[in-house]
Amino acid sequence: GMDGFDALNHAMSTISTGGFSTKNSSIGYFDSKAIIWITTFFMIIAGINFLAHIRFFKGDKTCYNTEEVKWYLGLIVLLSFAMAIIHYNESIDSFHDALMHSFFNITSLATTTGFMSTDYETWGQFALMISILAMMMSANSGSTAGGVKIIRYVLFFKNIALEIKRSLQPDVITSIFIDDKQIRSSIINAIFGFFALYILTLFLLFMYLYARGFDFLTAFTASISMVGNIGPGLGEVGPTDN
């Protein structure tokens, strides 16, 4: 349903997870279920490590069988279904439409693409919470997405679980593994340093915006959006605000 100019621009914007559209209302302008589903699929592809795609085209069928890809796809499915159920129960839309828009917008936020198909801010408080989780989620390392990256979260929480285990069993000797590969302690330290700087940056930016008179939701989500290169936030920087 797009002409050649729109198709080319949206193709480049999708694969680069850039989010810029030739239309002010983004993908929602075209009012096409096919365009929404196709764009969703390629946003998901763009959020996966591009080295995995190279391995796939070289014949490696196990390239997507990694912890990071599993968590990435699993979280998108989980958050999308949760948002779809919420919207379906509180609107007159069909379940397919609720699922379609949920998958599209969750994927757009999680991959930091920034497209939008509809105003999900009107879906209620729980939907806003899910949107914030998607914004914080990010995609795979080695992809075009911004944000924290899934692999850092995986290592972060594995290290927390390991420290809890060590506190309960002081004599235990164990390490952190990702895809059966042992992770060096220097990498874990670097990730904790990254998270410390990330949270500090978010906090300072949030405090600045809040002090300038923006409401809490706008200041908080604008901070996440700017630091993570996401695009839209919520409140005054929501998907339909300009």
Side-chain angles (χ1 to χ4, degrees), residues 13 16-21 23-28 43 47 71-72 75-76 78-80 82-84 86-87 90-91 101-102 104-141 143-157 159-160 189-242:
S13 194
S16 66
T17 60
F20 278 108
S21 172
K23 308 299 180 184
N24 196 45
S25 50
S26 193
I27 297 295
M43 282 193 294
W71 276 106
Y72 166 66
L75 286 170
I76 285 179
L78 178 65
L79 294 178
S80 297
M83 192 174 231
I86 292 166
H87 182 53
E90 297 183 3
S91 73
H101 288 298
S102 296
F104 180 89
N105 290 296
I106 289 296
T107 302
S108 178
L109 292 173
T111 59
T112 70
T113 305
F115 284 142
M116 72 95 177
S117 63
T118 188
D119 187 7
Y120 47 85
E121 279 194 289
T122 63
W123 293 5
Q125 294 294 103
F126 200 67
L128 295 184
M129 183 199 73
I130 294 174
S131 298
I132 293 172
L133 290 176
M135 292 172 68
M136 297 291 293
M137 175 183 149
S138 187
N140 290 186
S141 59
S143 71
T144 57
V148 172
K149 303 295 192 301
I150 288 289
I151 193 64
R152 287 194 178 100
Y153 284 119
V154 173
L155 289 170
F156 180 81
F157 285 109
N159 188 68
I160 290 176
N189 292 335
I191 286 172
F192 271 80
F194 172 89
F195 271 106
L197 183 59
Y198 179 78
I199 292 170
L200 177 62
T201 307
L202 282 180
F203 177 75
L204 293 175
L205 186 54
F206 162 72
M207 291 298 290
Y208 171 76
L209 293 174
Y210 194 61
R212 289 297 302 267
F214 291 98
D215 62 271
F216 184 93
L217 184 64
T218 298
F220 180 61
T221 58
S223 301
I224 298 173
S225 183
M226 282 189 277
V227 176
N229 299 322
I230 296 165
L234 298 171
E236 292 183 46
V237 292
T240 58
D241 293 276
N242 200 325

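In what follows, every heavy atom counts, from backbone to side chain, and hydrogens, waters and symmetry copies are set aside.
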Peer 1: Say you draw a straight line from CZ of Phe20 to OG1 of Thr113; how long is it, rounded to the nearest 0.5 Å?
Peer 2: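 These two atoms lie 12.5 Å from each other.
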Peer 1: For a 4.5 angstrom cut-off between non-hydrogen side-chain atoms, does Ile106 reach Met137?
Peer 2: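 They are not in side-chain contact.
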Peer 1: For a quick test of reading the model, state the closest non-hydrogen atom pair linking Ser138 to Tyr72 and the distance between them.
Peer 2: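 Closest approach of Ser138 to Tyr72: O-CD1, 4.3 Å.
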Peer 1: The criterion is side-chain contact (heavy atoms from CB on, under 4.5 Å); which residues satisfy it with Ser25, sequence neighbours excluded?
Peer 2: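 For Ser25 the side-chain contact (heavy atoms from CB on, under 4.5 Å) partners, ignoring immediate neighbours, are Tyr29, Met116.
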Peer 1: Using ring-ring contact (aromatic ring centres under 6.0 Å, His included) as the criterion, list what pairs up with Tyr208, not counting sequence neighbours.
Peer 2: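 Listed in chain order: nothing, the list is empty.
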Peer 1: Between His101 and Thr118, does any side-chain donor sit less than 3.5 Å from a side-chain acceptor?
Peer 2: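 Side chains of His101 and Thr118: no pair found under 3.5 Å.
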Peer 1: Determine whether the aromatic ring centres of Phe216 and Phe206 lie less than 6.0 Å apart.
Peer 2: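 Ring centres of Phe206 and Phe216 closer than 6.0 Å.
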Peer 1: Mind checking side-chain contact (heavy atoms from CB on, under 4.5 Å) for Thr122 and listing every partner two or more places apart, or none if nothing turns up?
Peer 2: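 Listed in chain order: Asp119.
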Peer 1: Would you indicate whether the side-chain heavy atoms of Leu109 and Pro232 approach each other to under 4.5 Å?
Peer 2: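 A side-chain contact exists here, since the closest heavy-atom pair is under 4.5 Å.
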Peer 1: First locate atom CD1 of Ile230, then atom OG1 of Thr111, and finally report the distance between them rounded to the nearest 0.5 Å.
Peer 2: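 Reported to 0.5 Å precision, the distance equals 9.5 Å.
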Peer 1: Working note: Leu209 + Met226, criterion side-chain contact (heavy atoms from CB on, under 4.5 Å); need CA distance, chi angles, decisive distance, verdict.
Peer 2: CA-CA 12 Å; Leu209 293 174; Met226 282 189 277; 3.7 Å; yes
Peer 1: From Ile76 CD1 over to Leu79 CG, what is the distance, rounded to the nearest 0.5 angstrom?
Peer 2: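 The CG atom of Leu79 is 8.5 Å from CD1 of Ile76, to the nearest 0.5 Å.
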Peer 1: Can a donor-acceptor pair be found between the side chains of Ser80 and Ser102 at a distance below 3.5 Å?
Peer 2: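 Ser80 vs Ser102: no donor-acceptor pair found between side chains.
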Peer 1: Where the side chain of Ser117 meets the backbone of Ile27, is there a donor-acceptor pair that is under 3.5 Å apart?
Peer 2: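 No; judged by distance alone, with no hydrogens or angles, the pair does not exist.
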Peer 1: How are the rings of Phe194 and Tyr198 set relative to one another: parallel (under 30°), tilted (30 to 60°) or perpendicular (over 60°)?
Peer 2: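 Parallel.
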Peer 1: Can you see which heavy atom on Ser108 is nearest to which on Gly114, and at what distance?
Peer 2: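 The pair with the smallest heavy-atom distance is OG-N, 3.1 Å.
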Peer 1: Quick one: pull up CZ in Phe195 and CZ in Phe156 and give me the separation to the nearest 0.5 Å.
Peer 2: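 Phe195 atom CZ to Phe156 atom CZ measures 5.5 Å (nearest 0.5 Å).
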Peer 1: Is the closest side-chain heavy-atom distance between Ile224 and Met135 below 4.5 Å?
Peer 2: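 Of all side-chain heavy-atom pairs linking Met135 with Ile224, at least one is under 4.5 Å.
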Peer 1: Rounded to the nearest 0.5 Å, what separates atom CD in Glu121 from atom CG in Leu234?
Peer 2: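 Nearest 0.5 Å value for the CD-CG distance: 5.0 Å.
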Peer 1: Check residues 147-155 and write down every donor-acceptor pair under 3.5 Å in which the side-chain atom is one partner and the other belongs to a residue at least two apart or another chain.
Peer 2:
from	atom 1	to	atom 2	distance (Å)
Lys149	NZ	Ala145	O	2.9
Arg152	NH1	Val148	O	2.6
Tyr153	OH	Met136	O	2.5

Peer 1: Please output the side-chain donor-acceptor pairs of residues 123-131 that fall under 3.5 Å, not counting sequence neighbours, one pair per line with the distance.
Peer 2:
from	atom 1	to	atom 2	distance (Å)
Trp123	NE1	His87	ND1	3.4
Ser131	OG	Ala127	O	2.9

Peer 1: Between Leu217 and Ile132, is there a side-chain heavy-atom distance shorter than 4.5 Å?
Peer 2: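 The answer is yes; the side chains approach within 4.5 Å.
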Peer 1: Go through it in stages, so that I can follow the logic: the residues are Thr144 and Ser16, the test is side chain to side chain donor-acceptor pair (under 3.5 Å), and I'd like the CA-CA distance, side-chain angles, deciding distance and then a yes or no.
Peer 2: CA-CA 6 Å; Thr144 57; Ser16 66; over 6 Å; no
Peer 1: According to side chain to side chain donor-acceptor pair (under 3.5 Å), does anything in residues 217-226 pair up with another residue at least two apart or in another chain? List the pairs.
Peer 2: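 Only Asp215-Thr218 qualify under side chain to side chain donor-acceptor pair (under 3.5 Å).
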Peer 1: Between Ser26 and Ser21 (side chain of the first, backbone of the second, donor and acceptor by atom type, cut-off under 3.5 Å), is there such a pair?
Peer 2: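 Such a contact is absent between Ser26 side chain and Ser21 backbone.
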